[in-house]
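As C-alpha cells, the structure follows; a few thoughts come after it.
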Amino acid sequence: MTTHSSPPVTRVVLLGASNLTISFPLIVRRLRSGLPGRLETFAALGWGRSFGNWSRVLFRGLPGTVGCGLWSDLPTPEASATELGLITDVGNDLLYGYPVPQIVQWLETCLARLAERQARLVLTLIPLGSIEQLSPWRFRLVRKLLYPKNRMSFDQLLELSRELNERLIELGPRFGAHTVVPPPEWYGFDPIHVLRRHRAAAWERILSGWNVLAPPDPERTRTGWTASRLRRLRPEVRTLFGRVQRRPQPALALPDGAVWIY
C-alpha cells in the first residue's frame, strides 16, 4: 500500500517597516526559491510602521505591530511545520519620540511570542554605522523628508540609537535570535534604506541567519508570486484619509502557499 506524506510547511513571520516593504517581493521570491513545500508568510510591514502604536504616513495609518491581527491569526504551532521569525526596521519609534525602554518592551513582546512558538529568529540592529557618518545638514534634510514632524537633534538621535542598539544586542541572545549588524556600505545618502544595488545581497545575509535556506533554485519559484501582485496586497486593517478599511486574510492564497498582510 502506497502512502503519500504531506509536503513540508514553512511558516514565516516578518515584522518590519519600510525596508521590509520595499524588498517584500524580493524576500518572498528568495524564500520561495530556497524552501521546499508550502510557504505561509505572515507580514506586518509598512512605511513608518511603529512596533507599539498606530502610525500614519501621509494619508495612510497602520496599527502597531504588537497589537495587530497577525498574532491572533497565526495557526497553532505544528510539529511538522518549520517556523521562522524576522524583526527588522526597529528605528522608527525613536523618531516618533518613544523612550528606549518602551521600544525594547515592544520588541521583547514580539520576540517572546515567536520564541514561544519555537521559531528560528533573526533580529537586525539599527544601521548605526551609516547614521554615524551623517553630517548635520544631511541629517536635517533626511529628517525633514522622512519625519517632518520630528525636531530631534542629531546628537540626540545618535545617543538614542546607540542606547537602543546596546539593548538589542543584549535582547537577541535571550531569545536565541541571530543578530545582524547592517554594514554602512549598504546605505547611501539615505542612511536607513538599503541601496537598490545592495538589496539582494543584504537580504541574503539577513535571511541566512535562519540557516535553513537552500541555494536559490529558480525551478522552485511558482507562478502567482509576482512582484506586482505582492505589492498590491492590502493589510487586514488600515486607515486611508481617516476612513477605516478592512481586508480579509490571507490577502493572497495559492496552491503552494499564502500571504497574510497586517
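As a basis for the values below, the full set of heavy atoms in this structure was taken, side chains included, without hydrogen atoms, waters or symmetry mates.
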Can you give me the closest heavy-atom contact between [X] and [Y], atom names plus distance?
X      : Y      : result
Ala17  : Asn92  : CB-ND2, 3.2 Å
Leu45  : Leu62  : O-CD1, 3.4 Å
Leu31  : Trp210 : CD2-CZ3, 3.6 Å
Ile261 : Gln249 : N-OE1, 2.8 Å
Ser23  : Arg199 : OG-CD, 3.6 Å

Problem set entry | With sequence neighbours excluded, residues passing side chain to side chain contact (heavy atoms under 4.5 Å, CB included) with Ile169 | Leu125
Exercise. Going from CZ on Arg138 to CG on Asp190, what distance comes out if it is rounded to the nearest 0.5 angstrom?
Worked result: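 Between atom CZ of Arg138 and atom CG of Asp190 there are 8.5 Å.
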Problem set entry | Distance (rounded to the nearest 0.5 Å) between Leu94 CG and Ile103 CD1 | 4.0 Å
Exercise. For residues Ser55 and Ser50, is any side-chain donor paired with an opposing acceptor at under 3.5 Å?
Worked result: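 No pair is found: no donor N or O on one side chain lies under 3.5 Å from an acceptor on the other.
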Problem set entry | Sequence neighbours excluded - salt bridge (charged side-chain N to carboxylate O under 4.0 Å, His left out) pairs with any residue from residues 157-177 | Glu108-Arg174, Glu132-Arg162
Exercise. How would you list all residue pairs meeting salt bridge (charged side-chain N to carboxylate O under 4.0 Å, His left out) that involve residues 71-87, not counting sequence neighbours?
Worked result: Arg11-Glu78, Arg11-Glu83, Glu83-Arg117
Exercise. Is there side-chain contact between Asp256 and Arg38, with heavy atoms separated by less than 4.5 Å?
Worked result: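 Heavy-atom side-chain distance check fails, nothing below 4.5 Å.
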For this session: With sequence neighbours excluded, give me every ring-ring contact (aromatic ring centres under 6.0 Å, His included) pair touching residues 94-138.
Result: Tyr98-Trp106
Exercise. Which residue pairs satisfy the ring-ring contact (aromatic ring centres under 6.0 Å, His included) criterion with at least one member in residues 17-47, sequence neighbours excluded?
Worked result: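 Sorted pair list: Phe42-Trp260, Trp47-His193.
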Exercise. Is the Lys NZ or Arg CZ of Arg30 less than 6.0 Å from the centre of Trp203's six-membered ring, within 45° of the axis?
Worked result: no
Problem set entry | salt bridge (Lys or Arg N to Asp or Glu O under 4.0 Å) against Glu185, all qualifying residues, sequence neighbours excluded | none
For this session: For Trp71 and Thr65, indicate whether the former's side chain and the latter's backbone hold a donor-acceptor pair under 3.5 Å.
Result: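 Confirmed, Trp71 side chain pairs with Thr65 backbone.
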